[in-house]
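Please read the structure below before turning to the comments.
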Protein chains: 2
Amino acid sequence: MELIIAISYTDGMELSEIEAFMTIQLVGSCTKAAEAMHLSQPAISRRIELLERKLGVPLFERLSSGIRLSEVGRAFLPHARQVLAAIEDGHAVRLLIEKLRDEQDRQEI
Amino acid sequence: MELIIAISYTDGMELSEIEAFMTIQLVGSCTKAAEAMHLSQPAISRRIELLERKLGVPLFERLSSGIRLSEVGRAFLPHARQVLAAIEDGHAVRLLIEKLRDEQDRQEI
DNA sequence: CTCCCTTACGAAGGCCGTAACGATT
DNA sequence: AATCGTTACGGCCTTCGTAAGGGAG
């Protein structure tokens, strides 16, 4: 008999939200981030709001001039970077394996 | 004048998909993973299918007896682990900062 | 017949974009 | 007036769950 109660690592966070966080931080505003991600401003704004709700703390300070990383946001930043870096590494592994497989196939012919 | 063409790190991958991948790998089947994640089997099956489509390669081999990690899946595994670990670290940072802030507040009273 | 995953399909919910708003320079 | 982010709202699209399908022991 096996018993598994629950497994959850992410509390519902999604990469699209973390991506929005990183992009805003990188380009300095929601407007530019929206442009860079080919989305509307409200879409970006909502993603950040969702992420903040899931974390339970604000990641940005809302100033009249725009938005700026909060203290928590600055602390969260390196972890967000790590998440996205791990994703890119995953992609890289896939590409590597595809290449190796191609070479294998070529030898078998 | 500034020019930002596009920013994308994830190719549309989402944490819910990676979470499903990890859970299946952990518990050994879609059925058990669905139970653990409080979702239906088809939901899990679809998430994996989506993830595989976004990566462009199959992560599991489908056997009549169930599903098992493919070669690519095994290579992807440590990166998936790293992604989820980074997420959990992010949570930890948030909690730490909340705690510090509480203590600050208490001193200010 | 049972187990496991996939496919089909209808329904619910989430996310997007446009538009309008409030605040600041 | 212009910039920037948020709120409101209608619509689409995605994802879910139930149910049915198909292969293997």
Side-chain angles (χ1 to χ4, degrees), chain A residues 1-4 6-55 57-70 72-73, chain B residues 1-4 6-55 57-70 72-73:
Chain A
M1 149 125 193
E2 304 183 45
L3 180 60
I4 297 169
I7 292 182
S8 178
Y9 313 86
T10 62
D11 278 5
M13 272 190 277
E14 289 294 354
L15 288 178
S16 54
E17 296 157 5
I18 294 175
E19 207 172 1
F21 169 78
M22 279 299 295
T23 306
I24 293 176
Q25 179 273 328
L26 197 65
V27 302
S29 81
C30 278
T31 306
K32 289 185 203 162
E35 190 181 341
M37 297 179 73
H38 297 295
L39 288 169
S40 66
Q41 284 141 343
I44 301 298
S45 194
R46 273 186 301 252
R47 285 185 182 187
I48 294 301
E49 191 198 330
L50 277 173
L51 182 54
E52 289 176 326
R53 191 172 306 171
K54 287 165 187 171
L55 279 167
V57 288
L59 294 170
F60 292 95
E61 293 167 5
R62 272 74 173 178
L63 311 172
S64 59
S65 58
I67 83 181
R68 205 163 298 280
L69 270 182
S70 68
V72 182
Chain B
M1 148 135 191
E2 305 183 44
L3 180 60
I4 297 169
I7 292 182
S8 177
Y9 312 87
T10 62
D11 278 4
M13 272 191 277
E14 290 293 357
L15 288 178
S16 54
E17 296 156 6
I18 296 175
E19 207 172 1
F21 169 77
M22 279 299 295
T23 306
I24 293 176
Q25 180 272 326
L26 197 66
V27 302
S29 81
C30 278
T31 306
K32 289 185 204 161
E35 191 181 340
M37 297 180 72
H38 298 295
L39 288 169
S40 65
Q41 284 141 343
I44 300 299
S45 195
R46 273 186 301 253
R47 286 187 181 185
I48 293 302
E49 190 198 331
L50 278 173
L51 182 55
E52 289 176 325
R53 192 173 304 170
K54 287 165 187 173
L55 278 168
V57 289
L59 295 169
F60 291 96
E61 294 168 5
R62 272 74 172 178
L63 312 171
S64 59
S65 59
I67 83 182
R68 204 162 299 282
L69 270 182
S70 69
V72 182

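From a predicted model like this one, the values you see are computed outputs, not experimental measurements.
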### Query
Where the side chain of Ile67(B) is concerned, which of dC5(C), dG5(D), dG17(D) is the nearest nucleotide?
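The answer is dC5(C), which lies nearest to the side chain.
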### Message
Starting the side chain at C-beta, find the nucleotide from dT18(C), dG5(D), dC5(C) nearest to Pro42(A).
### Response
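Looking only at side-chain atoms, Pro42(A) lies closest to dT18(C).
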### Task
Go through the structure and list residues passing ring-ring contact (aromatic ring centres under 6.0 Å, His included) with Phe60(A), not counting sequence neighbours.
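Partners of Phe60(A) by the ring-ring contact (aromatic ring centres under 6.0 Å, His included) criterion, ordered by chain and then number, come out as Phe21(A).
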Quickly work out the [X] [atom1] to [N] [atom2] distance and round it to whole Å.
X: Gln41(A); N: dT7(D); atom1: CD; atom2: C1'; result: 13 Å
X: Glu49(A); N: dG14(C); atom1: CD; atom2: C1'; result: 13 Å
X: Glu35(A); N: dG17(C); atom1: CD; atom2: C1'; result: 16 Å
X: Arg53(B); N: dT15(D); atom1: CZ; atom2: P; result: 10 Å
X: Ile44(B); N: dT7(C); atom1: CD1; atom2: C1'; result: 17 Å
X: Leu63(A); N: dT3(D); atom1: CG; atom2: C1'; result: 14 Å
X: Leu39(B); N: dC5(C); atom1: CG; atom2: P; result: 15 Å
X: Lys32(A); N: dC4(D); atom1: NZ; atom2: P; result: 7 Å

#### Entry: Approximate separation, where rounding is to 0.5 Å, of Ile24(B) CD1 and Leu59(B) CG
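Rounded to the nearest 0.5 Å, the CD1-CG separation comes to 9.5 Å.
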Under 4.0 Å between a side-chain N/O of [X] and OP1 or OP2 of [N], yes or no?
X: Ser64(B); N: dG23(D); value: no
X: Thr31(B); N: dC5(C); value: yes
X: Arg47(A); N: dC16(C); value: yes

### Query
With a 4.0 Å cut-off on heavy atoms, is Ile48(A) in touch with a base, just the backbone sugar-phosphate, or nothing at all?
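Contact class for Ile48(A): none.
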### Query
How is Leu50(A) classified with respect to the nucleic acid when contacts are heavy atoms under 4.0 Å: base, sugar-phosphate, or nothing?
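The answer is sugar-phosphate, as Leu50(A) gets under 4.0 Å only of primed atoms, P, OP1 or OP2.
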### Query
ring-ring contact (aromatic ring centres under 6.0 Å, His included): which pairs involve residues 26-54 of chain A, sequence neighbours left out?
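As it turns out, there is no ring-ring contact (aromatic ring centres under 6.0 Å, His included) pair with a partner in residues 26-54 of chain A once direct neighbours are skipped.
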#### Entry: Under-3.5 Å donor-acceptor pair between Arg46(B) side chain and dG17(D) base
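Pair found.
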#### Entry: Side chains of Leu55(A) and Met13(A) in contact at under 4.5 Å (non-hydrogen atoms)
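Counting from C-beta outward, Leu55(A) and Met13(A) do come under 4.5 Å.
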### Task
Would you name the heavy atoms of Gly12(A) and Glu17(A) that are closest together and state the gap between them?
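Answer, listing the atom of Gly12(A) first, then Glu17(A): O-OE1, 4.4 Å.
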